[in-house]
*Asks:* 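I have a structure I would like to understand better, so I am pasting it below and will then ask my questions one at a time.
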Amino acid sequence: MEKPTLPKGTRDFGPATMAKRQFIFDNIRKVFQAYGFQPLETPAMENLSTLTGKYGEEGDQLLFKILNSGDFLKDVDNQKLEARNSKLVTPAISEKGLRYDLTVPFARYVVMNRHEIGFPFKRYQIQPVWRADRPQKGRYREFYQCDADVVGTNSLLCEAEIILMIKEVFGRIGINDYTIKINHRGVLNGIADVIGATGNETPMFVAIDKLDKIGEEKVKEELRTKDFTEKSLTSLFEILNVKGSNRNKLAFLFSKFEGTRSGQKGLHDLEEVFELLESYGTDDNHVEFDIALARGLSYYTGCIFEVKINNVSIGSVSGGGRYDNLTQAFGDKENLSGVGFSFGVDRIYDAMEELGLFPKDAQISSKVLLCHFDEASLRYGLSVLSKLRAAGIASEIYPDQAKLKKQLDFANKKMIPYTIVIGSDEMNSGVLPFKNMGTGEQEKLEIEKIIERIRSQA
RNA sequence: GUGGAUGUAGCUCAGUUGGUUAGAGCAUCAGAUUGUGAUUCUGAGGGUCGCGGGUUCGAGUCCCGUCUUUCACCCCA
């Protein structure tokens, strides 16, 4: 008999892990709802036609494809089969795939349900996504995203509120040392214009995004192989090396971007986002205008975000941005603008674990375990159990006849904080030994008193 | 997709230039203790050394393949 294993890059989550994960999920959900977002769920699988072409060529390769049902090879063209080229055969044998993110299924949903959606439409979605990637630290093949998107408005309030929500979620779960990086596609295009790299943007974006990781020299090296001139590299780094406050960077770039329309647009957007934050009564703490931030899916057109937790070896834990043309990909005639972002719970979990930020009492368990000596005391215990549960106190009774030691060990293992041992004395008197497993103290009380005691501590 | 590391008890890991019956801690179970655990003591169970092949008188140890996990690159939450 072979030992069972899990598919590469997937994990089980036991009770201890789930308690911590739910702590994160609960807080994200509360914040999303507090900002007026409504829940949405979409199927794990989508038609491949909805998924392909939305994430670039790399993304298409990372899609998990689902084999058609039935005798899926029967009608496949012989020539295609003999060519032994999977790209030719795939469309014939697979028409469904697992979702790669939540944004594209959301756009599909919006296009399909336009008649009943009121705009601007704000939805949140917390579901797993799948990527056929090679797993490594902080990277899984199945992981959860928590998306909040607004579609149908160009207002930069949305961008500002994204920053507010990130701050609020991190505040709630106890992460204090983090950076929200913000940039704008227009700024990136502006840079390309100014240094004379128009039409050659993509290699530039890919290279400068790695700046803080590999350094200036390596970025230059990479760009030289892409035929960037020394002159363009000099003016590029004149821009990228601007230091100082967000305001200073904006002012510097305004002077640089006088001739570029998209650059000016980007700067004005960013400026307004910072001003809005002030009107909300907050500041740009944790927020950094990062001119080199170029990461993000190909469909972003406006502001782009990325959040990093400082001093951990985990990549970004959240990202997002504005996309103007997403619904057009599904044949939408109108130009619906959307903006959204996503928390990566699995990475947030890894980071919090690394930093030791989880509260100790995150375990989900019963408050009370009832112990007993025989059939009669077990029966008596059931009535006590019902009273505890009716009072809203999570509780359970040891289901088998067992030595008291075993029953108390069980309580310890499950981190149940209180026990009540029931025997013939207790059945006669109705006075029960209420024991605190942490301190070892025990008090003889009637059940009503015990309930009061537990409630007063919760 | 490219390159490196890894795999020994349920868990974390020892295991010498290849040499007899593969060890420890933790965990589990039983007892010391007929109604009070988490600290103590005693004992017990638990392994096709990832899988397949090869070299050798002999392989946990060396070689090849394969799978797993993991790290980096590409890309990304």
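Every chain is numbered from 1 and lettered A, B, ... according to where its sequence line falls, protein lines coming before strand lines. No experiment lies behind these values; they were computed from the predicted model shown. Basis for what follows: all heavy atoms, side chains included, without hydrogens, waters or symmetry-related copies.
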*Asks:* Taking the basic N atoms (NZ, or NE/NH1/NH2) and the acidic carboxylate oxygens, is any pair closer than 4.0 Å for A/Arg141 and A/Asp133?
*Replies:*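 No salt bridge links A/Arg141 with A/Asp133.
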*Asks:* Below 30° counts as parallel, above 60° as perpendicular, anything between as tilted: where do the rings of A/Tyr299 and A/Tyr323 land?
*Replies:*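 The arrangement is perpendicular - the two ring planes meet at more than 60°.
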*Asks:* Return the pairing partner of B/G25 with a 3.5 Å limit on both distances, Watson-Crick or G-U wobble; otherwise return none.
*Replies:*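 Partner of B/G25: B/C11.
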*Asks:* Kindly state which residues belonging to residues 422-438 of chain A come within less than 4.0 angstrom of RNA chain B, counting heavy atoms of the residue only, listed by number.
*Replies:*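 The answer is A/Gly423, A/Ser424, A/Asp425, A/Glu426, A/Pro433, A/Lys435, A/Met437, A/Gly438.
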*Asks:* State which of B/C29, B/C75, B/U36 makes the closest approach to the side chain of A/Val206.
*Replies:*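 It is B/C75.
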*Asks:* Can you tell me how far P of B/A77 sits from CD1 of A/Ile24, to the nearest Å?
*Replies:*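 My rounded result for the distance is 18 Å.
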*Asks:* Does A/Lys413 make a side-chain N or O approach to OP1 or OP2 of B/G37 shorter than 4.0 Å?
*Replies:*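 So the side-chain polar atoms of A/Lys413 never come under 4.0 Å of the phosphate oxygens OP1 or OP2 of B/G37.
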*Asks:* Using the P atom in both, what is the distance from B/C26 to B/G43, to the nearest Å?
*Replies:*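 Going atom to atom, P in each nucleotide, I get 14 Å.
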*Asks:* If we take the P atom in both B/C74 and B/C67, what is their distance in whole Å?
*Replies:*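 These two P atoms come out 25 Å apart once rounded.
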*Asks:* Would you mind telling me which residue lines up with the more 5' stretch of RNA chain B, A/Thr10 or A/Asp346, judged by nearest nucleotide?
*Replies:*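 Mapping each residue to its closest nucleotide by heavy atoms, the 5'-most match is A/Thr10.
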*Asks:* Taking the side chain of A/Leu404 as its heavy atoms from C-beta onward, which of B/G35, B/A72, B/A27 lies nearest to it?
*Replies:*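 Taking heavy atoms from C-beta onward, the closest nucleotide is B/G35.
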*Asks:* How are the rings of A/Phe170 and A/Tyr178 set relative to one another: parallel (under 30°), tilted (30 to 60°) or perpendicular (over 60°)?
*Replies:*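 Answer is perpendicular, since the angle exceeds 60°.
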*Asks:* Between B/U55 and B/C63, how far apart are the P atoms? Round to whole Å, please.
*Replies:*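 After rounding to an integer number of Å, I get 15 Å for this pair.
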*Asks:* So for A/Arg347 and B/C76, does any side-chain atom that can act as donor or acceptor lie under 3.5 Å from a complementary atom in the base?
*Replies:*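 Indeed there is one.
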*Asks:* Heavy atoms only, 4.0 Å cut-off, all strands: where does A/Ser316 land among base, sugar-phosphate and nothing?
*Replies:*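 Sugar-phosphate: the residue A/Ser316, judged by heavy atoms under 4.0 Å, touches backbone atoms but no base.
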*Asks:* Which whole number of Å gives the distance between the P atom of B/A9 and that of B/G15?
*Replies:*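 Nearest-Å result for B/A9 against B/G15 at atom P: 15 Å.
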*Asks:* Let me know the distance between CD1 of A/Ile348 and C1' of B/A77, rounded to the nearest Å.
*Replies:*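 Going from CD1 in A/Ile348 over to C1' in B/A77 covers 9 Å.
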*Asks:* Find the distance A/Lys137:NZ to B/A77:C1' and express it as a whole number of Å.
*Replies:*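 A/Lys137 atom NZ is separated from B/A77 atom C1' by 15 Å.
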*Asks:* Pick the P atom in B/G46 and in B/G23, then give their distance to the nearest Å.
*Replies:*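 My reading of the P atoms in B/G46 and B/G23 gives 14 Å.
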*Asks:* For the side chain of A/Arg131 and the base of B/A77, is some donor closer than 3.5 Å to an acceptor across the two?
*Replies:*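 Result: at least one qualifying N/O pair found.
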*Asks:* Rounding to a whole Å, what distance do you find between A/Asp101:CG and B/A77:P?
*Replies:*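 Rounded to the whole Å, the gap is 8 Å.
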*Asks:* For the C1' atoms, the ones on B/G52 and on B/U48, what distance do you get once it is rounded to whole angstrom?
*Replies:*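 Roughly 13 Å separates the two C1' atoms.
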*Asks:* Taking any heavy-atom pair under 4.0 Å as a contact, classify A/Gly315: base, sugar-phosphate, or nothing.
*Replies:*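 Result for A/Gly315 = nothing.
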*Asks:* Less than 6.0 angstrom separating the ring centers of A/Phe343 and A/Tyr144, yes or no?
*Replies:*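 Ring-ring flag for A/Phe343/A/Tyr144: false, centres at least 6.0 Å apart.
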*Asks:* Using centres under 5.5 Å plus planes under 30 degrees as the test, is A/Phe343 stacked with B/A77?
*Replies:*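 No; centroid distance or tilt outside limits.
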*Asks:* Should the pair A/Phe32 and A/Tyr124 be assigned to parallel (<30°), tilted (30 to 60°) or perpendicular (>60°) ring geometry?
*Replies:*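 Geometry flag for A/Tyr124 against A/Phe32: tilted rings.
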*Asks:* When we call it a touch if two heavy atoms are under 4.0 Å apart, what does A/Tyr144 touch: a base, just sugar-phosphate, or nothing?
*Replies:*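 The residue A/Tyr144 makes no contact with any strand.
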*Asks:* Could you tell me the separation between the CG atom of A/Asn412 and the C1' atom of B/G37, rounded to a whole number of Å?
*Replies:*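 So the CG-C1' distance, A/Asn412 to B/G37, works out to 5 Å.
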*Asks:* Which whole-number value in Å describes the distance from A/Glu306 CD to B/C75 P?
*Replies:*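 So the CD-P distance, A/Glu306 to B/C75, works out to 13 Å.
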*Asks:* Before accepting this row, confirm whether a basic side-chain N of the pair A/Lys226/A/Glu222 lies closer than 4.0 Å to the acidic partner's carboxylate O.
*Replies:*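 Here A/Lys226 does not pair with A/Glu222 in a salt bridge, since their nearest N and O are not under 4.0 Å apart.
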*Asks:* Quick one: label A/Lys210 by what it contacts on the DNA or RNA (base, sugar-phosphate, nothing), any heavy atom closer than 4.0 Å.
*Replies:*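 If one applies the 4.0 Å heavy-atom cut-off, A/Lys210 turns out to touch the sugar-phosphate alone, with no base involved.
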*Asks:* Can you check the A/Phe25 CZ to B/A77 P distance for me, whole Å?
*Replies:*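 Checked: the CZ to P distance equals 17 Å.
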*Asks:* Send over the distance from A/Arg139 CZ to B/A72 C1', rounded to a whole Å.
*Replies:*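 Atom-to-atom, A/Arg139 to B/A72, this comes out as 10 Å.
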*Asks:* Should B/U2 form a Watson-Crick or G-U wobble pair with both distances under 3.5 Å, which nucleotide is its partner?
*Replies:*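 By the stated definition (distances under 3.5 Å), B/A72 pairs with B/U2.
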*Asks:* Less than 3.5 Å between a donor and an acceptor, one on the side chain of A/Gln442 and one on the base of B/U36, is that the case here?
*Replies:*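 Yes, a donor-acceptor pair under 3.5 Å.
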*Asks:* Select from A/Lys8 and A/Gly59 the residue whose nearest nucleotide in RNA chain B is closer to the 5' end of that strand.
*Replies:*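 The residue whose closest nucleotide sits nearer the 5' end is A/Lys8.
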*Asks:* How far, in whole Å, is B/U56 from B/G10 if one measures between their P atoms?
*Replies:*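 Those two atoms are separated by 34 Å.
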*Asks:* Checking contacts here: which listed nucleotide (B/A72, B/A38, B/C74) is nearest the side-chain heavy atoms of A/Lys405?
*Replies:*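 Closest nucleotide among those given: B/A38.
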*Asks:* Choosing from B/G3, B/A77, B/G37, which nucleotide comes nearest the side chain of A/Arg134?
*Replies:*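 It is B/G3.
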*Asks:* Does a side-chain N-to-carboxylate-O contact under 4.0 Å join A/Arg453 and A/Glu443?
*Replies:*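 Here A/Arg453 pairs with A/Glu443 in a salt bridge, since their nearest N and O are under 4.0 Å apart.
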*Asks:* What nucleotide among B/C73, B/G31, B/C75 has an atom nearest to a side-chain atom of A/Gln136?
*Replies:*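 Closest of the options to the side chain of A/Gln136: B/C73.
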*Asks:* Within 45° of the ring axis of A/Tyr100 and under 6.0 Å from its six-membered ring centre, is that where the NZ or CZ of A/Arg131 lies?
*Replies:*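 Output yes; distance and angle both within limits.
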*Asks:* For A/Phe13, does the six-membered ring have the charged nitrogen or CZ of A/Arg21 within the cation-pi criterion, i.e. under 6.0 angstrom from the centroid and within 45° of the normal?
*Replies:*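 Yes, A/Arg21 lies over the aromatic ring of A/Phe13.
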*Asks:* Heavy atoms only, 4.0 Å cut-off, all strands: where does A/Gly138 land among base, sugar-phosphate and nothing?
*Replies:*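 It contacts base atoms.
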*Asks:* Would you say A/Lys403 places a side-chain N or O within less than 4.0 Å of OP1 or OP2 belonging to B/U36?
*Replies:*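 Indeed not, no polar side-chain atom of A/Lys403 lies that close.
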*Asks:* Given the P atoms of B/A44 and B/A24, what is the spacing between them in whole Å?
*Replies:*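 My reading of the P atoms in B/A44 and B/A24 gives 11 Å.
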*Asks:* Is it true that A/Lys444 and A/Asp425 have a side-chain N and a carboxylate O under 4.0 angstrom from each other?
*Replies:*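 A salt bridge is absent here (no side-chain N lies under 4.0 Å from a carboxylate O).
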